[in-house]
Protein chains: 2
Amino acid sequence: MQSITSDSYAVHFNNKAYEALNDHLSQKGYSKVFIMVDENTHEHCLAPFMTNIAGEYDYEIIEIESGEINKTIETCTQVWHVLSELDGDRKSILINLGGGVLTDLGGFVASCFKRGIAFINVPTTLLSMVDASVGGKTGVDLGALKNQIGVINQPEMVLIITDFLKTLEERQLHSGFAEMLKHGLIKSETYWNDLKKVDDFNNLDELIYQSVVIKNEVVLKDPTEQNLRKILNYGHTLGHAIESYCLEHPQKDTLLHGEAIAVGMILEAYLSNELRQLPDSALEDIKTTFLSRYTKVAFSNEDIKSILGLLKFDKKNSHGNINYVLLNSLGNPEIDVRVPDELYNKAFAYYAES
Amino acid sequence: MQSITSDSYAVHFNNKAYEALNDHLSQKGYSKVFIMVDENTHEHCLAPFMTNIAGEYDYEIIEIESGEINKTIETCTQVWHVLSELDGDRKSILINLGGGVLTDLGGFVASCFKRGIAFINVPTTLLSMVDASVGGKTGVDLGALKNQIGVINQPEMVLIITDFLKTLEERQLHSGFAEMLKHGLIKSETYWNDLKKVDDFNNLDELIYQSVVIKNEVVLKDPTEQNLRKILNYGHTLGHAIESYCLEHPQKDTLLHGEAIAVGMILEAYLSNELRQLPDSALEDIKTTFLSRYTKVAFSNEDIKSILGLLKFDKKNSHGNINYVLLNSLGNPEIDVRVPDELYNKAFAYYAES
């Protein structure tokens, strides 16, 4: 597959990815190459990755614990101490080998260490390949508030090696697939329809490529999320609040990111139908498609109240207003829409009814 | 005094500062104005500052504890929680009213909150007026390692209100004056000679202005410290290590930043005389000038060993080498100079001898 050129860097796929990495490392002469992994990518991805690196470099492996619960400033502080102790300097590079939690956190760690060192992202989950791989968003959570702390900063390159998907459980693949479906909803009805037909996750390469192209087009036009880029938040306003709520309440089943925004996309499709021109048929299509792939989640009235309470922390808010991305039709979003409070319970009721 | 134009913003002085601030606030329509202070600026600076703000805004005051010991990521985390709880959003602004610790930390807090909100720096110490006010360096310490974590990011504007200097103790003024002397050493023998004549800190306005002009010229030419900007680190390689060492050892007297780099500047003048062309007369001039203003510090052999051990964490290092800024003559520095280990003890001996 062709490489995709983004802001100041490129996204390379599979064999081309290793070629590009080897060229880069041999040209740049980094003082030290740090590779950050979690226990999963340490076990499943590190060895094949290292096998494909040509040349001799001064390596150090840094392992963090996997999971959203560890996407914290405290984990960053631990990694900063390790980088200091292992003689990391401004000419060092950090390669982030992992899912979105690890690449978001690693990008932030690199962006702040000694006021910024180089980093490369190697997303190993479907979610991070199609979502976190382009756009330069880095960051960590603050308590239950997702990605509250971070910066926008670009990696040297992004390497998408789809072989790593074979190491994932089905549930993880579904989580990433939700972001791909979102790319269809906000940008291309054709792509949405192509994705609906997928019943086998073994050969997603071409569809992954298209998702990265879509996301890249959006972020290139609006890197700092002044307007257009907000469309990528479709399903995320309510989805993030649901994800945060489940993370805060260990007695609830934790939802993967894609599972939470799948709920969010149905709820926000309902709002789109009520407040904008999204046709009934498209609303039904969205609900049916997501419910055929993602188990329905039960929300009590108490749950819904708490979830709505978290909306005020959404990063798109300004001047006390909650700004939604809604759909006028499939592939045609509108940003900065306000939602009357009385519609929330109706949206959850629509989600719950069979 | 005329405003000084930097990168993407300006430095305004005294009456012009308030004018510029009032214009900015009324034009931008921030959702909320957060003002960060420490217990000192809360007591001495906040009231006169607020008196000069025209117009009605939605204010919140955030107080942190003063002192280098609190320039930590943990303090940032506390402030981020407070900003979240007080409904800070992406359209909020943070005004940092304080010395270098507070403006460095506040700049970092703003740069990372929701991936970046606007901030304004109002330096209240001489050190922060002449040093931290331009250049966009933000950050915090990591343990005893100074400014190890941070980003380069520019404020909306910098306001230098020299009335605030009246609230400072003499020792604080001397600390800032050391950075002004450094500006002379790296950029202008004339300015160095003018500063040497100063025996009264009550009317420094014109000299402060010149220091900001010098620093601004340097950082504009090299914002990310690839080469020229490194000259600002004259005296800081050893000075920072000395400052860190004293911070780590509570049984040692804590040195203010300027006091530590005053020692560093004498030591590095000795190295400049040994390794480059700094004349004997200039070396003597530097030593005499600093020792007439700053109390000599006693270092045991044990102290010196520990201080040298901290050099490896200097942010200018790369590939395991410690890079010094040395002087070829007064006003004429050279960057990236290596120093043979055997010279360190000689430099400390030169500093100690009367």
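Remember, it's a predicted structure, so these values are computed and weren't measured experimentally. Here is how names work: the chains are called A, B, and so on, in the same order as the sequence lines, proteins then strands, and each is numbered from 1.
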Is it the side chain or the backbone of B:S111 that comes within 4.5 Å of chain A heavy atoms, both, or neither?
backbone
Chain A contact via B:Y30 - which portion, at a heavy-atom distance below 4.5 Å
backbone
Counting only heavy atoms from other residues, nucleotides and ligands, does the tally under 6.0 Å from CD1 of A:I69 exceed 12?
no
Taking atom CD of B:Q148 and atom OG1 of A:T77, what is their separation to the nearest 0.5 Å?
12.0 Å
For atom NZ of B:K28, is the number of surrounding heavy atoms from other residues, nucleotides or ligands below 6.0 Å larger than 12?
no
Counting heavy-atom pairs under 4.5 Å with chain A, the top scorer among B:I152, B:I149, B:N153 is B:I149
B:K305, NZ atom: more than 12 neighbouring heavy atoms under 6.0 Å:
no
Are more than 12 heavy atoms, taken from residues, nucleotides or ligands other than A:E248, located less than 6.0 Å from that residue's CD atom?
yes
Would you call B:E225 and A:R115 a salt bridge, taking side-chain N to carboxylate O under 4.0 Å as the test?
no
Looking at B:K137, B:E74, B:H81, B:K114, which makes the most heavy-atom pairs under 4.5 Å with chain A?
B:K114
So for B:T138, is it side chain, backbone, both, or neither that comes closer than 4.5 Å to the heavy atoms of chain A?
backbone
Options A:S31, A:S84, A:G150, ranked by heavy-atom pairs under 4.5 Å with chain B, top entry
A:G150
Sort B:K32 into side chain, backbone, both or neither according to what part of it lies under 4.5 angstrom from a heavy atom of chain A.
neither
So which of B:D87, B:L142, B:I73 has the largest heavy-atom pair count under 4.5 angstrom toward chain A?
B:L142
